[in-house]
Amino acid sequence: MTASPKTLIAIDEIPGLVGTTVGTSSWRTVTQAMIDGFADATDDHQWIHVDPERAARETPYGGTIAHGFLTLSLLSTLAYEALPDLDGDVRMGVNYGFDEVRFHAAVRAGARLRAIFGLADADIRPSGRILFTYDVTLEIENSTKPAMTAKWLTLM
């Protein structure tokens, strides 16, 4: 499956999309350089993330793994790529938070991930704001378990 093409949807189309998959990102490789950069940015240099030799020797993963919060943070760019744009005067979108995040499988350095976004709900408010609730699955290529699932809320 390839990434969903970037589409433009009208606000009146949104209710009909609830309960459907509205976007699938392309595959993205999680590199050791990304993991090291995240470790530097967050000051989380635990050896399972940044010491490939020790991680290969002492973990069941065969090498280093990405931080859970790194995989979570990738949702921003994957959503930008995969989710349709809204037609009309949209000034901005903001992250409203998560109702649930679960990390199901470790993401090894070199693994490829993609995100699948299901529109669970869309609350179109009289103010013109729309609260979107997405069921997100972050898949690991060639894995039966996802890296992560989340219920993500965004406000447009």
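Not measured: the values here are computed from a predicted model. If you read the sequence from its start, that first residue is 1, and numbering goes on from there.
- Residue pairs meeting the salt bridge (charged side-chain N to carboxylate O under 4.0 Å, His left out) criterion with at least one partner in residues 123-132, sequence neighbours excluded, are D123-R125.
- Residues M92 and L153 share a single hydrophobic cluster, defined by chaining ILVMFWY side chains whose heavy atoms lie under 4.5 Å apart.
- Residues S26 and L78 approach most closely at O-CD2, 4.4 Å, considering heavy atoms.
- Between P146 and L138, every side-chain heavy-atom pair lies at or beyond the 4.5 Å cut-off.
- Residues that satisfy the side-chain hydrogen bond (donor to acceptor under 3.5 Å, both in side chains) test with T71, not counting sequence neighbours, are absent from this structure.
- Using a 4.5 Å heavy-atom threshold, the side chains of L131 and T154 count as separate.
- A donor-acceptor pair is defined here as one N or O able to donate and one able to accept, closer than 3.5 Å; such a pair exists between the side chain of T59 and the backbone of Y61.
- For H49, the ring pair (Phe, Tyr, Trp, His ring centres under 6.0 Å) criterion is met by H67, not counting sequence neighbours.
- One hydrophobic cluster holds both V136 and V107 under the rule that ILVMFWY side chains link at heavy-atom gaps under 4.5 Å.
- Between T29 and G110, the shortest heavy-atom contact is CG2-O, 3.8 Å.
- Taking CD1 from I130 and CG from L86, the interatomic distance works out to 5.5 Å, rounded to the nearest 0.5 Å.
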(message) Under the criterion side-chain contact (heavy atoms from CB on, under 4.5 Å), I'd like the reasoning laid out for L74 against V30: C-alpha separation, chi angles, the key distance, then a yes or no.
(response) CA-CA 10 Å; L74 289 174; V30 177; 4.1 Å; yes
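- The side-chain hydrogen bond (donor to acceptor under 3.5 Å, both in side chains) with R114 is formed by just one residue from the set E141, E81, E139; it is E139.
- The hydrophobic clustering, which links ILVMFWY residues whose side-chain heavy atoms are closer than 4.5 Å, places F69 and I48 apart.
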(message) The test is side-chain contact (heavy atoms from CB on, under 4.5 Å); show your working for Q32 and T64 and say whether it passes.
(response) CA-CA 8 Å; Q32 187 62 51; T64 56; 2.3 Å; yes
Could you go through residues 10-19 and list every donor-acceptor pair under 3.5 Å that involves a side-chain atom there, pairing it with any protein atom two or more places apart or in another chain?
unit_1	atom_1	unit_2	atom_2	d
E13	OE2	A10	N	2.7

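- Atom-to-atom distance recorded for T24:OG1 and I116:CD1 is 5.0 Å, nearest 0.5 angstrom.
- For residues 47-65, every residue pair satisfying the salt bridge (charged side-chain N to carboxylate O under 4.0 Å, His left out) rule, not counting sequence neighbours, is listed here: R54-E58.
- Both M34 and M148 sit in one connected hydrophobic cluster of ILVMFWY residues. Membership requires side-chain heavy atoms under 4.5 Å apart, directly or through other members.
- Heavy-atom minimum distance, A82 versus S25: CB-N, 3.6 Å.
- Within the 4.5 Å cutoff, the side chain of I140 has heavy atoms near those of the L113 side chain.
- Residue pairs meeting the salt bridge (charged side-chain N to carboxylate O under 4.0 Å, His left out) criterion with at least one member in residues 144-156, sequence neighbours excluded: D135-K151.
- In this structure, V50 shares a hydrophobic cluster with no other residue, the cluster being traced through Ile, Leu, Val, Met, Phe, Trp and Tyr side chains under 4.5 angstrom apart.
- For residues 96-105, every residue pair satisfying the side-chain hydrogen bond (donor to acceptor under 3.5 Å, both in side chains) rule, not counting sequence neighbours, is listed here: H104-T149.
- The salt bridge (charged side-chain N to carboxylate O under 4.0 Å, His left out) pairs that include a residue from residues 20-42 number zero, where partners must be two or more places apart or lie in different chains.
- Between the CD1 atom of I9 and the CG atom of D85 there is a distance of 9.0 Å, given to the nearest 0.5 Å.
- With sequence neighbours left out, S73 forms a side chain to side chain contact (heavy atoms under 4.5 Å, CB included) with F38, L70.
- Using a 4.5 Å heavy-atom cutoff, the side chains of T7 and V22 are not in contact.
- For residues 123-156, the set of pairs meeting the ring-ring contact (aromatic ring centres under 6.0 Å, His included) definition, not counting sequence neighbours, comprises F98-W152, F132-Y134.
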